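Read the numbers this way: they start at 1 and go in the same order the structure lists the ligands and their atoms. In this chain, numbering begins with 1 at the start of the sequence shown. Note that the structure is predicted; figures quoted are calculated from it, not measured. Hydrogens, waters and symmetry mates play no part in the numbers below; they use all other heavy atoms, side chains included.
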Amino acid sequence: MVKIAPSILSADFCNLERDIKRVSAADWLHVDVMDGMFVPNLTVGAPVVESIRKHTDMFLDVHLMIDKPERYIDAFCKAGADLLSVHLEADHPSRIAAALRAMEANGVKKAVALRPITSARAVLPYIERLDMVLVMTVEPGFGGQAFMEEQLSTIREVRALIDRYNPACELEADGGIGPANAKAVIEAGATVLVAGSAVYGADDPAAAIAVLRR
Ligand code: DX5
Ligand code: ZN
């Protein structure tokens with residue numbers, strides 16, 4: 001069954017513990033880390049992940065939208081992340097490989113993320129040792145944007161590569177996902193759906209999560 005990962009980007013950061021409890025019906029918790037360089041927005045860092053870790057047993061899916069992410073892998077692992085995603089566009093391939101090795105050394109799950117401009121084939125050098133591929137379905141940087149329909153074909157292409165080279169690998173889609181497109185995203189091959197506004201914007205987040213799973 002597909003996993004739902006609510007993004008706390010749409011939560012109330014003054015009431016984060018309450019807002020994490022509001023999505024306890026979900027499978028994972030998605031934490032968007034932005035550095036104001038890789039994307040034009042700033043959010044939270046490792047200290048916030050460390051605080052979240054003390055208040056929940058949920059699987060922490062940490063999406064690093066930062067330049068040269070290798071610099072921060074150890075910090076986010078020590079903070080208690082369960083999985084880290086690094087963007088393929090954020091550094092040279094040799095440094096992305098080094099970031100993945102650092103995750104492995106820390107025993108956390110490893111993922112690479114693709115901006116909409118990046119082709120599915122960019123995952124090929126890494127795919128056999130990944131736990132997940134994250135396909136952006138909006139331009140990274142902000143919650144609440146419109147889903148990019150054309151990214152369904154990237155999801156299908158990544159699905160074909162995963163089936164061929166590493167069938168156990170998860171495929172996460174992130175951005176603009178809600179009741180209107182969740183089914184199409186799952187049919188294209190995603191196994192994890194991130195949802196920020198669709199879950200936190202709902203009066204009943206548990207019901208919104210159930211709708212996305214159908
Ligand atoms: C965008 C983030 C997403 C975003 C999802 O840069 O990576 O995780 O918060 O939020 P919605 O579901 O509102 O697009
Ligand atoms: Zn994200």
Side-chain angles (χ1 to χ4, degrees), residues 2-13 16 19-20 22-23 25-46 48-49 52 58-67 69 72 76 81-90 109-118 130-152 154-155 158 170-186 190-203 205 207-213:
V2 68
K3 295 181 180 66
I4 308 298
S7 165
I8 58 159
L9 193 55
S10 300
D12 173 356
F13 281 101
L16 205 43
D19 275 5
I20 291 169
R22 286 175 76 208
V23 299
D27 304 276
W28 290 3
L29 197 66
H30 187 82
V31 182
D32 285 307
V33 176
M34 305 187 189
D35 68 351
M37 295 291 287
F38 183 74
V39 289
N41 194 8
L42 276 170
T43 56
V44 300
V48 174
V49 172
I52 293 172
M58 284 179 86
F59 184 95
L60 297 184
D61 162 27
V62 178
H63 179 189
L64 299 178
M65 284 162 275
I66 62 181
D67 271 339
Y72 293 101
F76 281 99
D82 292 297
L83 177 149
L84 294 177
S85 296
V86 290
H87 268 271
L88 290 181
E89 310 84 4
K109 292 197 186 299
K110 311 178 286 291
V112 298
L114 280 67
R115 298 186 94 116
I117 187 84
T118 304
L130 294 176
D131 298 292
M132 190 180 86
V133 175
L134 185 167
V135 175
M136 290 304 305
T137 43
V138 298
E139 207 44 70
F142 300 92
Q145 303 182 76
F147 179 78
M148 296 170 71
E149 226 33 71
E150 62 272 29
Q151 282 303 87
L152 287 173
T154 307
I155 295 172
V158 171
E170 303 273 5
L171 201 180
E172 180 173 73
D174 182 12
I177 294 175
N181 51 39
K183 196 159 182 279
V185 174
I186 296 165
T191 57
V192 187
L193 307 185
V194 176
S197 15
V199 169
Y200 279 109
D203 292 334
I209 289 164
V211 167
L212 294 174
R213 279 191 208 285

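Salt bridge status for Glu172 with Lys3: absent, with no side-chain N to carboxylate O gap under 4.0 Å.
Side-chain contact check for Met58 versus Ile20: some heavy-atom pair is nearer than 4.5 Å. Contact of the Val49 side chain with the Leu60 side chain is registered, since non-hydrogen atoms from C-beta on lie closer than 4.5 Å. Contact check for Val62 versus Leu83: no side-chain heavy atoms found under the 4.5 Å cut-off. Side-chain contact check for Phe38 versus His87: some heavy-atom pair is nearer than 4.5 Å. By the 4.5 Å heavy-atom criterion applied to side chains, Leu114 and Val133 are counted as neighbours. Using a 4.5 Å heavy-atom threshold, the side chains of Asp27 and Ile209 count as separate.
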Candidate pair Met37 and Ile66, rule side chain to side chain contact (heavy atoms under 4.5 Å, CB included), full reasoning
CA-CA 7 Å; Met37 295 291 287; Ile66 62 181; over 6 Å; no
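In this structure, the side chain of Tyr200 engages the main chain of Asp19 through a donor-acceptor pair within 3.5 Å.
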May I have the N/O to N/O pairs between ligand 1 and the protein that fall below 3.5 Å, each with atom names and distance to one decimal?
| from | atom 1 | to | atom 2 | distance (Å) |
| --- | --- | --- | --- | --- |
| ligand 1 | 6 (O) | Gly141 | N | 2.8 |
| ligand 1 | 7 (O) | Asp32 | OD1 | 3.0 |
| ligand 1 | 7 (O) | His63 | ND1 | 3.3 |
| ligand 1 | 7 (O) | Asp174 | OD2 | 2.9 |
| ligand 1 | 8 (O) | His30 | NE2 | 3.4 |
| ligand 1 | 8 (O) | Asp32 | OD1 | 3.1 |
| ligand 1 | 8 (O) | Asp32 | OD2 | 2.8 |
| ligand 1 | 8 (O) | Asp174 | OD1 | 2.7 |
| ligand 1 | 8 (O) | Asp174 | OD2 | 3.1 |
| ligand 1 | 9 (O) | Ser7 | OG | 3.2 |
| ligand 1 | 9 (O) | Asp32 | OD2 | 3.0 |
| ligand 1 | 12 (O) | Gly196 | N | 2.8 |
| ligand 1 | 13 (O) | Gly144 | N | 2.8 |
| ligand 1 | 13 (O) | Ser197 | N | 3.0 |
| ligand 1 | 13 (O) | Ser197 | OG | 2.3 |
| ligand 1 | 14 (O) | Gly176 | N | 2.8 |

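Shown are the protein N/O/S atoms under 2.8 Å from the Zn ion (ligand 2), given by residue and atom: His30 NE2, Asp32 OD1, His63 ND1, Asp174 OD2.
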